[in-house]
Amino acid sequence: MKLLIVNDEKLTADTMAMEMEWKRFGITQVYVAYNFEDGKRNIQEHMIDIMLCDIEMPGKSGIELLRWVKENYSDIECIFLTCHASFEYAREALELGCQNYLLIPAEYEEIGTTVCQVVRRLEEHRQDMEYAEFGRKAVRSQVDSVVRQVGEKKSPKAYVEEALIYIGIHLGEEGLAVQGIADYLHLHPVYLNRIFRKEKECSIGQYIVNERMELAGKLLKSGRLSVNSVAEQTGYGSYSNFNMMFKKYYGCTATQYLDKNN
């Protein structure tokens, strides 16, 4: 795992980078940046996994850097290290998917333990993604086999079953929509929606939302992923859109749901 330390206090950042036994906490490479732009450059040049970031810096803050990271490199996990125990900072950090917030002065061992926890969370997340991709490929292979065997003539119920399998495979993809499913099944979208509604008593669009929200709830309850990661895994490229749909479905924001269930 690669770690980026972002701190405008050069001596503090350099000392931490050199003195801590990073390999003991699962870190193989450490980079150092001293401001917003320097942090961006390091992230663009190196495949950073974890960012250990100060909040208050000259120019743009650590919060602004995290916002840029989540818009461009959403897989990067962030740990905020700051001397300000501000609720407003903590709230903003949580809303941006940052679950780790350490107050200075913090012992190196405490910092290392937190980094180690994030490393394990990232490793578990990536393993889950690998398993999910393996499962999608297996299901896709089965579907293709069924399609070849059944041939062109299918009942409406069979088409709906295929649509359900297709939705399950592509649930985490932002572009999942009725038109794409209809194209895959070689049907008109209006006809597909009509037979789907008859079988499932809801539209395809509403079914997709329901399935995504159910998945989002399970992922948040697991406590392994940040809200931002859950939004991405459930097919929402826009965090605000995800949060709006989540609140409509559960009656609270995703952050509130995470806090309540962990």
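Predicted model only: the values in this text are computed from it and were never measured. Starting from 1, each residue takes its place in the sequence as its number.
- In terms of heavy atoms, C252 sits closest to K260 at SG-NZ, 4.5 Å.
- Looking at W22, its side chain never comes within 3.5 Å of a backbone N or O of Q29 through a donor-acceptor pair.
- Side-chain contact between V209 and M245 is present, with at least one heavy-atom pair separated by less than 4.5 Å.
- For the 3.5 Å distance criterion, the side chains of N210 and E214 fail to qualify, holding no donor opposite an acceptor.
- Of all the heavy atoms in A13 and V32, the pair that sits closest is CB-CG1, 3.6 Å.
- Under a 3.5 Å cut-off, the side chain of D8 and the backbone N or O of M57 do not form any donor-acceptor pair.
- Looking at N193, its side chain never comes within 3.5 Å of a backbone N or O of P189 through a donor-acceptor pair.
- Looking at W68 and K60, their side chains never come closer than 4.5 Å, going by heavy atoms from C-beta outward.
- Once rounded to the nearest 0.5 Å, the distance linking CG of N35 with CZ of R41 reads 9.0 Å.
- Residues I204 and I167 are in side-chain contact: their nearest non-hydrogen atoms beyond the backbone lie under 4.5 Å apart.
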TODO: Give the intermediate values and the outcome of side chain to side chain contact (heavy atoms under 4.5 Å, CB included) for residues I50 and L4.
DONE: CA-CA 6 Å; I50 303 170; L4 173 64; over 6 Å; no

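- Closest approach of P156 to I195, counting heavy atoms only: O-CD1, 3.8 Å.
- Between E232 and K70 no salt bridge is recorded (no basic side-chain N to carboxylate O distance below 4.0 Å).
- With hydrogens and angles ignored, the 3.5 Å screen pairs a side-chain donor or acceptor of E64 with a backbone N or O of S61.
- Scanning both residues, L66 and C78, for their nearest heavy atoms gives CD1-CB, 3.6 Å.
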Task: Working for side chain to side chain contact (heavy atoms under 4.5 Å, CB included), residues L215 and Q233 - done: CA-CA 9 Å; L215 176 59; Q233 284 204 37; 5.8 Å; no

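- Annotation: the span from D183 atom CG to Y166 atom OH amounts to 8.0 Å, rounded to 0.5 Å.
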- [ ] Go through the steps for I63 and I55 under the test side chain to side chain contact (heavy atoms under 4.5 Å, CB included), then give the verdict.
- [x] CA-CA 6 Å; I63 293 287; I55 288 185; 4.2 Å; yes

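- Minimum heavy-atom separation, C53 to L65: SG-CD2, 4.1 Å.
- Listed for the H188 side chain is a donor-acceptor partner under 3.5 Å among the backbone atoms of V190.
- Between the CZ atom of R194 and the OG atom of S203 there is a distance of 14.5 Å, given to the nearest 0.5 Å.
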- [ ] Evaluate salt bridge (charged side-chain N to carboxylate O under 4.0 Å, His left out) for K40 paired with E45, printing each intermediate quantity in order.
- [x] CA-CA 9 Å; K40 279 179 60 176; E45 291 179 359; over 6 Å; no

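- Side-chain contact check for T253 versus F246: every heavy-atom pair is 4.5 Å or farther apart.
- Proximity of a side-chain donor or acceptor of Y31 to a complementary backbone N or O of V6 within less than 3.5 Å is not detected.
- A heavy-atom distance below 4.5 Å is not found between the side chains of V230 and L258.
- In this structure, A163 and L185 approach most closely via the heavy-atom pair CB-CD1, 4.0 Å.
- Transitive grouping of hydrophobic side chains (ILVMFWY, heavy atoms separated by less than 4.5 Å) keeps M47 and M1 in distinct clusters.
- The stretch residues 195-212 participates, sequence neighbours left out, in no salt bridge (charged side-chain N to carboxylate O under 4.0 Å, His left out) pair at all.
- Side chains of T114 and L52 form no contact here, defined as non-hydrogen atoms less than 4.5 Å apart.
- For T234 (side chain) and A231 (main-chain N/O), a donor-acceptor pair under 3.5 Å exists by modelled atom type.
- The structure places CD of E107 at 11.0 Å from OG1 of T113, a figure rounded to the nearest 0.5 Å.
- Residues N7 and Y34 form no side-chain contact, since every pair of their non-hydrogen atoms from C-beta on lies 4.5 Å or further apart.
- Other residues, nucleotides and ligands place no more than 12 heavy atoms under 6.0 Å from the CD atom of E21.
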TODO: Step by step, work out the side chain to side chain contact (heavy atoms under 4.5 Å, CB included) result for I27 and K2.
DONE: CA-CA 6 Å; I27 300 299; K2 295 181 181 179; over 6 Å; no

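- A distance of 13.0 Å separates CE in M244 from OH in Y239, rounded to the nearest 0.5 Å.
- Side-chain contact between L164 and Y207 is present, with at least one heavy-atom pair separated by less than 4.5 Å.
- Between the side chain of N42 and the main chain of D38, a donor-acceptor pair closer than 3.5 Å is present.
- Atom CD of E19 sits about 10.5 Å away from atom CG of D14, to the nearest 0.5 Å.
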